[in-house]
2 protein chains.
Amino acid sequence: MAFEKQVILKNNCFLQVILYQVNMKQEFRCDCPVTSALDVLGDKWMLVIIKQMLIEEKQTFKDFIESDEAISTNILSSKLKCLEHYGLIQRKNHPTNKKTKLYHLTEKGLSLTPTIVELAIWSDQNLREHNPIMRESDELELMKTSKAEFIERLKKGHRENWLE
Amino acid sequence: MAFEKQVILKNNCFLQVILYQVNMKQEFRCDCPVTSALDVLGDKWMLVIIKQMLIEEKQTFKDFIESDEAISTNILSSKLKCLEHYGLIQRKNHPTNKKTKLYHLTEKGLSLTPTIVELAIWSDQNLREHNPIMRESDELELMKTSKAEFIERLKKGHRENWLE
DNA sequence: AATTATTACTTTTGATTCGCAAGCAAATAT
DNA sequence: ATATTTGCTTGCGAATCAAAAGTAATAATT
């Protein structure tokens, strides 16, 4: 039992609300930092969504749904909640449209930029034989020749896109 | 139908072997390098196993099974095959014990060292509130202060451990 | 003002991946 | 000769991913 509350109603009645904490999934496999990172990020979609925000500037639910990767709506909803739980993204309301929510990377989320960039470079250099249609781009060249500058530029760009 | 062969037996008999290629899983979601990297590495175990080889110097099936992460034997077997398929590891026979196989990172696998190190640093700086038992170590300090040197040293150490 | 379309989900059902436990063949140890 | 070890495979069940349909609130259209 993780939470209990009694709400007093009328006529000597009360409502008892009990939240049981069952089958709590063990969140981390061990005390290793790399394994812990992968306990949070090591699935099909978490880093892809971060990449979509950082590099492709996606910020609404519809943006993500319409991306090339074609994520399912239930998976996206679940993963956005998870990213928020770990403090990697932040959501806010659209200034003029109540239906639309805006998602953005926090500083914590932005601090994954070096990891995203390393994966891009690694993939470019090691996966073309397996995925021959992998695109080429000037960005990849920039990543390889000026990695640190590129990382800072990505972060700065993302921060500036986020109207506070 | 992906493969057919007929084997002639005796007494006018023959055996026909046909391999059908069905439900071939789409291997890559799109042409993006980051997403392609995650199509290969984006699961619970691939990068953990690479980390275990690189940092913890695990090299036998038993070594992996006995690691803190407690992977299941069927998962390990399957992941080792997958890592080999993508050219990230290489297996060879133990010089004196035919039962034991040795697994080692190839250069391609070793080129994931920057990614592993970035994940370690990120985790150390961002996940302690979620995983309070995360260990501290001198290695983490070295990673942060001399990242490039640390990366090269890890690679070099791994290469030297691999008796050719 | 009523109707239709959009957005961000939730729910249901099914497919895939992960995990547990038991079993197996080959090789090594006792 | 027997027991143990190694690296798996198999069967079954749990967790994650995915597709499709449905929902409530909001915006756009008529």
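In what follows, every heavy atom counts, from backbone to side chain, and hydrogens, waters and symmetry copies are set aside. Letters go in sequence order (proteins before strands), and every chain restarts at 1.
Looking at the side chain of A:F61, the nearest of the listed nucleotides C:dC18, C:dC9, D:dC8 is C:dC9. Taking the side chain of B:K79 as heavy atoms from C-beta on, and the options D:dG7, C:dA27, C:dC18, the nearest nucleotide is C:dC18. Proximity note for A:K98 (side chain, C-beta onward) versus D:dT6, D:dT9, D:dT26: the nearest is D:dT26. You'll find that the side chain of B:T100 is closest to D:dT6, out of C:dA8, D:dC17, D:dT6.
Take the nearest nucleotide of DNA chain D for A:T96 and for A:S72: the residue whose nucleotide is more 5' is A:S72.
As a whole-Å value, the separation of A:D39 CG from C:dG19 P is 10 Å. Between A:H94 atom NE2 and D:dA27 atom C1' the separation is 12 Å, expressed in whole Å. Remark: C1' of C:dA29 and CG of B:N97 are 10 Å apart, rounded to the nearest angstrom. Per the geometry, CD belonging to B:E69 stands 11 Å off P belonging to C:dG19, to the nearest Å. Rounded to a whole Å, the CZ atom of B:F64 is 18 Å from the C1' atom of C:dC18. At whole-Å resolution of the value, CG in A:L80 and P in C:dT7 are 16 Å apart. Distance CD1 (B:I75) to P (D:dT9): 12 Å, rounded to an integer number of Å. One can place CH2 of A:W45 at 13 Å from C1' of D:dA19, the figure rounded to the nearest angstrom.
In this structure, the side chain of A:T113 engages the main chain of A:L110 through a donor-acceptor pair within 3.5 Å.
Residue A:T73 places a side-chain atom within donor-acceptor reach of the base of C:dT10, judged by atom type and a 3.5 Å distance cut-off alone. Side-chain to base pairing of A:N74 with D:dA18: one donor and one acceptor N or O lie within less than 3.5 Å of each other. A donor and an acceptor atom sit less than 3.5 Å apart, one in the side chain of A:K99 and one in the base of C:dT6.
In summary, the side chains of A:W122 and B:S111 do present a donor paired with an acceptor at a separation below 3.5 Å, with no hydrogens or angles considered. A side-chain donor from one of A:T60 and A:D63 sits under 3.5 Å from a side-chain acceptor of the other.
Side-chain nitrogen and oxygen atoms of B:K44 include none within less than 4.0 Å of the OP1 or OP2 phosphate oxygen of C:dT16. Side-chain N/O atoms of A:R91 include one lying less than 4.0 angstrom from OP1 or OP2 on C:dC9. Taking only side-chain nitrogens and oxygens, B:S77 comes nearer than 4.0 Å to OP1 or OP2 of D:dT9.
Within 4.0 Å of B:Y103, counting heavy atoms only, lie sugar-phosphate atoms of the nucleic acid but no base atom.
Only one option out of A:K44, A:K58, A:K51 pairs with A:E69 in a salt bridge (charged side-chain N to carboxylate O under 4.0 Å, His left out); it is A:K51.
Salt-bridge formation is detected for the pair B:E129/A:K108: a Lys NZ or Arg NE/NH1/NH2 atom is positioned less than 4.0 Å from an Asp or Glu carboxylate oxygen.
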